[in-house]
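For ligands, and for the atoms within them, numbers begin at 1 and follow the listed sequence. Index from 1, following the sequence.
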Amino acid sequence: MIILGSTGSIGTNALKLAKDHNIKIEMLSAGSNIELLNQQIKQFTPSFIAIKDTKDINKVNINKNQKIFSGEDGILEALNHTKSKIVINAIVGFSGLKPSLESIKLNKTLALANKESLVVSGNFIDTANIIPLDSEHFALQELIKDKKNIKKMIITASGGALRDIDINEIANQTPQIALNHPNWNMGKKITIDSATMVNKLFEILEAKYLFHTNNIDALIERNSIIHALVQTNDNAIFAHLGHSDMRLPISYAMLGEKAKNTESIKEIDITNFNFKLSKIDTNRYPLWNLKDEILKQPQLGIILNAANEILVYKFLENKIKFGDISSNIYKAIEQFETQIKYIKNIDDVFMLNKEVMDFSSFN
Ligand code: NDP
Ligand code: MG
């Protein structure tokens, strides 16, 4: 098994499962957390290691049987040496795209947490060999099995860290408050994406490409226990419930059918929860106004993703206000919307991504 982004929230959870089930890890990749990577190398003895920056190469402790690669191309080169069939891509952001494309090219099964890959290039990716590593899409996949009469799919959103803040005060919230997610313990970027509702826009596109449908919507479920629902033509509705953590989707990605009998996940006492599903309020989440448009013109995902990635890190570095994330995403869309009709292949995706990232960095 190969784990990209092994030092992150999904990556460390995947490694916990690998340890519990004695799964051999052939390759690990990380960004800058070399200290944690070194612990993982010691514990899992991968044959191939890839890191983001060449300057860190001497800090990585490897033995003579292990090979290390660095930089954007290093991770691709390392992948080419591997024999494992399954790649877990848990890198955050646009940097996950090339490793996703390379894994698909190498005919590996891609367990995809890096939803940004699909958001920007779902039009050009064959999703047949992709296992969704996202709780809502995992739930949808379980729900649609054996059903032929699906009318509508619904994923849920928690509402994020600012869901109970007075609407007039949202724009001025600090990173510290916006990172305090009520239900989920995740990496910083996706936690902010959850507060802006960008994460749900991403997931709408993810569902579109994975399940080939435009009949997909999202509702707020404050417990993050119901992950998805499907409505059939007879107007019955089926729901998928699970803990608000990623253990179940990760187990299925790593163990396959064996995950069905996993006993490590404890029962949910559903009497502990009040379940209510409600519409996403576009006054609170102005970006949610993009939902229908993005389904019609999915290439907008390239602009949304690029602008968002730059703006989220600017916000985390206290360079802009929380409210500037959404207003500046709209500015980027206005600036580049006319260009999406020229996107004909992956190279065009990389070009537009760069232009939008530059624009959002300087505006
Ligand atoms: P984290 O920020 O916790 O982890 C990101 C990982 O990517 C780290 O290992 C980081 O390395 C690595 N990384 C960052 N930049 C680069 C780069 N340029 N090149 C190579 N590696 C890099 O994020 P999460 O684990 O929360 O999320 C990962 C992905 O999974 C995201 O796309 C997210 O949307 C998705 N996801 C996450 C869920 C969750 O529960 N966390 C749920 C569903 C989807 P380092 O830390 O060493 O710098
Ligand atoms: Mg999700």
Side-chain angles (χ1 to χ4, degrees), residues 3-16 27-41 49-54 56 59-60 69-76 78-79 88-100 102 110-120 131-141 155-158 160 179 181 183-194 196-207 210 218 221 224 226-228 240 242-250 253 305 308-309 312-313 316 357:
I3 303 187
L4 312 179
S6 65
T7 47
S9 158
I10 295 276
T12 47
N13 276 306
L15 282 176
K16 258 184 224 150
M27 171 178 167
L28 289 176
S29 100
S32 332
N33 191 347
I34 306 299
E35 196 181 327
L36 178 56
L37 177 68
N38 275 332
Q39 291 171 23
Q40 296 177 341
I41 293 173
I49 296 121
I51 57 166
K52 187 171 79 174
D53 294 315
T54 307
D56 288 330
K59 296 184 201 150
V60 182
F69 301 81
S70 65
E72 211 185 53
D73 292 336
I75 192 168
L76 310 181
L79 278 170
I88 295 185
N89 184 353
I91 293 173
V92 63
F94 190 83
S95 303
L97 177 58
K98 281 190 182 172
S100 287
E102 195 70 11
L110 178 60
L112 189 60
N114 181 262
K115 59 189 96 186
E116 294 92 338
S117 291
L118 276 180
V119 168
V120 301
I131 304 177
L133 247 185
D134 206 343
S135 54
E136 299 78 1
H137 305 76
F138 168 74
L140 282 176
Q141 194 181 48
I155 54 177
T156 63
S158 66
L179 284 170
H181 199 288
N183 305 337
W184 293 88
N185 190 358
M186 311 182 285
K188 285 186 180 173
K189 177 174 178 283
I190 186 176
T191 305
I192 301 302
D193 291 348
S194 167
T196 56
M197 218 36 96
V198 164
N199 185 46
K200 226 36 65 176
L201 289 171
F202 283 180
E203 292 182 354
I204 288 279
L205 278 181
E206 199 183 351
L210 288 169
E221 197 285 284
S224 301
I226 304 177
H227 298 297
H240 190 280
H243 290 285
S244 52
D245 61 45
M246 291 297 291
R247 281 176 299 166
L248 203 56
I250 293 175
N305 179 69
N308 180 62
E309 188 159 329
V312 166
Y313 290 111
L316 289 172
M357 282 195 168

Note: ligand 1 atoms sitting under 4.0 Å from heavy atoms of N33 are 45 (P), 47 (O), 48 (O)
[atom2] on [Y] to [atom1] on [X], rounded to 0.5 Å:
X: S100; Y: L4; atom1: OG; atom2: CG; value: 8.0 Å
X: M246; Y: D134; atom1: CE; atom2: CG; value: 5.5 Å
X: K16; Y: R247; atom1: NZ; atom2: CZ; value: 9.0 Å

Quick check: does any side chain N or O of [X] sit under 3.5 Å from a backbone N or O of [Y], one acting as donor and the other as acceptor?
X: S29; Y: I51; result: no
X: E309; Y: F94; result: yes
X: N38; Y: K59; result: yes
X: N89; Y: G96; result: yes
X: T156; Y: I226; result: yes

Give the residue and atom name of whichever protein heavy atom lies nearest to [atom], and the separation in Å to one decimal.
atom: atom 26 (O) of ligand 1; result: G187 N, 2.8 Å
atom: atom 29 (C) of ligand 1; result: I91 O, 3.7 Å
atom: atom 32 (O) of ligand 1; result: E116 OE1, 2.7 Å
atom: atom 35 (C) of ligand 1; result: A113 O, 3.1 Å
atom: atom 43 (C) of ligand 1; result: D134 OD1, 3.3 Å
atom: atom 14 (C) of ligand 1; result: V92 CG1, 3.8 Å
atom: atom 38 (C) of ligand 1; result: I10 CD1, 3.5 Å

Any nitrogen or oxygen of [X], main chain or side chain, under 3.5 Å from a nitrogen or oxygen of ligand 1?
X: N185; result: no
X: K52; result: no
X: G8; result: yes
X: T7; result: yes
X: W184; result: no
X: I190; result: no
X: S9; result: yes
X: L133; result: no
X: S32; result: yes

Can K189 and E116 be counted as an ion pair, charged N to O under 4.0 angstrom? yes
At their closest point, which heavy atom of S224 faces which heavy atom of S244, and how far apart are they? O-CB, 3.3 Å
Restricting to heavy atoms, the pick from G31, A90, G96, S6 nearest atom 6 (C) of ligand 1 would be A90
I'd like the name of whichever of K115, M246, E72 reaches closest to atom 34 (O) of ligand 1 through any heavy atom. K115
Greater than 12 external heavy atoms within 6.0 Å of N185's CG: no
Report the name of the N/O/S atom of [X] located nearest to the Mg ion (ligand 2).
X: E136; answer: OE1
X: D134; answer: OD1
X: E203; answer: OE2

Applying side-chain contact (heavy atoms from CB on, under 4.5 Å), run through E102 and I75 and close with a yes or a no. CA-CA 9 Å; E102 195 70 11; I75 192 168; over 6 Å; no
F138 vs H240 aromatic rings, parallel, tilted or perpendicular, using cut-offs 30° and 60°? perpendicular
